[in-house]
Participant: 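The structure that follows is given in the form of structure tokens.
Both ligands and their constituent atoms are indexed starting at 1 by order of listing.
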Amino acid sequence: MGWHRKDLIGIEELSVEEINTVFKTAEAFKGLLTRNVAKTPVLRGKTVVNLFFEPSTRTRVAFEMAAKRLSADVISLDMKISSTSKGETLRDTVENIRALSADIIIMRHSAPGAARYIADVLDIPVLNAGDGAHEHPTQALLDCFTLREKFGSLEGRKIAILGDIQYSRVARSNIWAMTKLGAEVTLVGPSTLVPRHFEKMGVSVSHDLRSALADKDAVMLLRIQHERQNASAFPSLNEYTSMFGLNKERLSWLKKDAVIMHPGPINRGVEIDSELADSEQSVILQQVTNGLAVRMGALYLCTGGNADAVSA
Ligand code: CP
């Protein structure tokens, strides 16, 4: 069947077969989403609880919509007004939610390892919606799903990830996913945000934008993650943009039909010029759309669904 996991915590632990099983399931659910009644009863009677301890638009809404398309009941808690603010531990919070008959937990947390911690405590599926700078597995799955739609396969494709790699869970999950799927990945940005030790993950590191972009099939921009930085990694945002922001001239350094990606949220005019974000080469909103089908697939598989049994 290709999937035997209760939880989705990170891409690092997934095999290529498991990644492809998510893609196969997501493809089927994407077909379903084009129907007049874009809903299937596979999670009817189940309750999905969304716990977001950090801000989110795309991931939170996509998980909520995905669960609803699968006919689950969904509760999204605002963790700022939950009892964690009164000193309750994360473990107590999730055990109480489980005691209220939650069937699946989706969690975003600032602490790396938080999703693994609660997955080991609970007997129900836990899906990691981002844990600190560690992993954001469904983001990488939807990014690679989008590239697969564009190129057929990632095998041999050359991809640059440009920006704040050091503090990015999206970068780490995409490095695992893209390299497992056979892509050649180059990380590029200032040395303070793109340290050489990333080379141990099987990628190239460059601090020279022009040479790093040459011959790339795709470039993924990442925003500067101020919320995880204690000190500025560069003198000013203007200086970052002048050296590493993607603009029209620099776009010509890539292959002519190269794809522009961004996981969002975008800081227009900082890491990317507004006109490029909205250009025909941009697949940024396709990434968001694919996030719905990919998260339907992840929810379905983690609750024991059989990829071979889903049809569009
Ligand atoms: N890409 C991403 O995780 O976006 P959100 O923070 O809006 O969920």
Participant: Heavy-atom contacts with Gln139 under 4.0 Å: which atoms of ligand 1 show up? List them by number with element.
Facilitator: 1 (N), 2 (C)
Participant: For atom 7 (O) of ligand 1, what's the nearest protein heavy-atom neighbour? Residue, atom name and distance, please.
Facilitator: Thr57 N, 2.8 Å
Participant: What's the shortest distance from atom 1 (N) of ligand 1 to any protein heavy atom, and which residue and atom give it?
Facilitator: Pro263 O, 2.8 Å
Participant: What protein heavy atom sits nearest atom 2 (C) of ligand 1, and how far away is it?
Facilitator: Thr59 OG1, 3.5 Å
Participant: Do Ile9 and Val16 share a hydrophobic cluster (ILVMFWY, side-chain heavy atoms under 4.5 Å, transitive)?
Facilitator: no
Participant: Not counting sequence neighbours, which residues clear salt bridge (charged side-chain N to carboxylate O under 4.0 Å, His left out) with Asp257? List them please.
Facilitator: none
Participant: Where is the nearest protein heavy atom to atom 6 (O) of ligand 1: which residue, which atom, and how far?
Facilitator: Arg108 NH1, 2.8 Å
Participant: Using side-chain heavy atoms (C-beta onward) and a distance below 4.5 Å, is Cys144 in contact with Leu154?
Facilitator: yes
Participant: Atom 8 (O) of ligand 1: which of Pro265, Ser56, Gly264 has the nearest heavy atom?
Facilitator: Ser56
Participant: Could you check whether His262 and Arg223, counting side-chain N and O atoms only, form a donor-acceptor pair closer than 3.5 Å?
Facilitator: no
Participant: Identify, with sequence neighbours excluded, every residue that meets side chain to side chain contact (heavy atoms under 4.5 Å, CB included) alongside Tyr117.
Facilitator: Leu90, Arg91, Val121
Participant: Starting from atom 4 (O) of ligand 1, which protein heavy atom do you reach first, and at what distance in Å?
Facilitator: Arg58 NE, 3.0 Å
Participant: Under 4.0 Å, counting heavy atoms only: does Glu54 come that close to any atom of ligand 1?
Facilitator: no
Participant: Ala212 and Ala160: which non-hydrogen atoms are nearest, and at how many Å?
Facilitator: O-CB, 4.4 Å
